[in-house]
Amino acid sequence: MALGFFTPCATVLGLAAYLRPDSAGLGTHTQLGLPPCGFKLATGVPCATCGCTTSFSHAANGSLLDAYITQPFGATLALLTAMTVIITGYALVTNMPLAPIGRIVFRPRTVVTLLILMVVSWGYSIYMHTSG
């Protein structure tokens, strides 16, 4: 089970470290061959996850303040991803069970808190990328 969490999380952080954060705070994902955000193209307003790849890239390169300034939700996810790599890496080496940690982490309160952070960060992103 630990390998199933460790591998994708380590891969995401490795890719994020490889990318160069876009100076506009949005669009870093296009370096992966992905198209620009369709929501932003259609509405002129960034989507709820606009800036997350840029934020991950900043965080993976050690610039946590820039990550939070770019997209607070993305920065939080990047830190949670790094924590997952550390915990699951430790579990792989020591054969520690992950179920007790899962019961602590995957609670409704945690999910609701992350959803609230996503909505607040979306408002922040809209303000930062549409105000004048």
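As the structure is a prediction and not an experimental result, all values here were calculated from the model.
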Using a 3.5 Å cut-off and no angle test, enumerate the donor-acceptor pairs between side-chain atoms of residues 62-71 and protein atoms at least two apart in sequence or in another chain.
from: Y68; atom 1: OH; to: T76; atom 2: OG1; distance (Å): 3.2
from: T70; atom 1: OG1; to: D66; atom 2: O; distance (Å): 2.7
from: Q71; atom 1: OE1; to: F73; atom 2: N; distance (Å): 2.8
from: Q71; atom 1: OE1; to: G74; atom 2: N; distance (Å): 3.4
from: Q71; atom 1: NE2; to: A48; atom 2: O; distance (Å): 3.3

| Members other than V93 in its cluster, when Ile, Leu, Val, Met, Phe, Trp, Tyr link by side-chain heavy atoms under 4.5 Å? | none

| field | Contacts of type side-chain contact (heavy atoms from CB on, under 4.5 Å), residue C37, not counting sequence neighbours | value | F39, K40, C47, C50

| Do I87 and V105 share a hydrophobic cluster (ILVMFWY, side-chain heavy atoms under 4.5 Å, transitive)? | yes

Please tabulate, for side-chain N and O atoms in residues 1-28, each donor-acceptor pair with protein atoms closer than 3.5 Å (sequence neighbours left out).
from: T7; atom 1: OG1; to: L3; atom 2: O; distance (Å): 3.1
from: T11; atom 1: OG1; to: T7; atom 2: O; distance (Å): 2.7
from: D22; atom 1: OD1; to: A24; atom 2: N; distance (Å): 2.8
from: T28; atom 1: OG1; to: D22; atom 2: N; distance (Å): 2.8
from: T28; atom 1: OG1; to: T54; atom 2: OG1; distance (Å): 2.6

| message | Would you say L117 ends up clustered with L115 if hydrophobic residues are merged whenever their side chains have heavy atoms under 4.5 Å apart, either directly or through other cluster members? | response | yes

| query | If you round to the nearest 0.5 Å, how far is OG1 of T88 from CE of M96? | reply | 8.5 Å

| Between CG on residue N61 and CZ on residue F56, distance to nearest 0.5 Å | 13.0 Å

| message | With a 3.5 Å distance limit and no angle check, can you tell me whether S125 reaches the backbone of S121 through a side-chain donor-acceptor pair? | response | no

| request: State plainly whether one hydrophobic cluster holds both L77 and W122, where clusters connect Ile, Leu, Val, Met, Phe, Trp and Tyr through side-chain heavy atoms under 4.5 angstrom apart. | output: no

| said: Test question: given the 4.5 Å side-chain rule for I, L, V, M, F, W and Y, name all other residues clustered with V120, or answer none. | reply: V112, I116

| Backbone N/O of L80 and side chain of T84: donor-acceptor pair under 3.5 Å | yes

| query | If Ile, Leu, Val, Met, Phe, Trp and Tyr residues are connected whenever their side-chain heavy atoms lie under 4.5 Å apart, and connections chain through other members, are V111 and M118 in the same group? | reply | yes

| request: Give every residue pair that meets the side chain to side chain donor-acceptor pair (under 3.5 Å) criterion with at least one member in residues 98-110, sequence neighbours excluded. | output: none

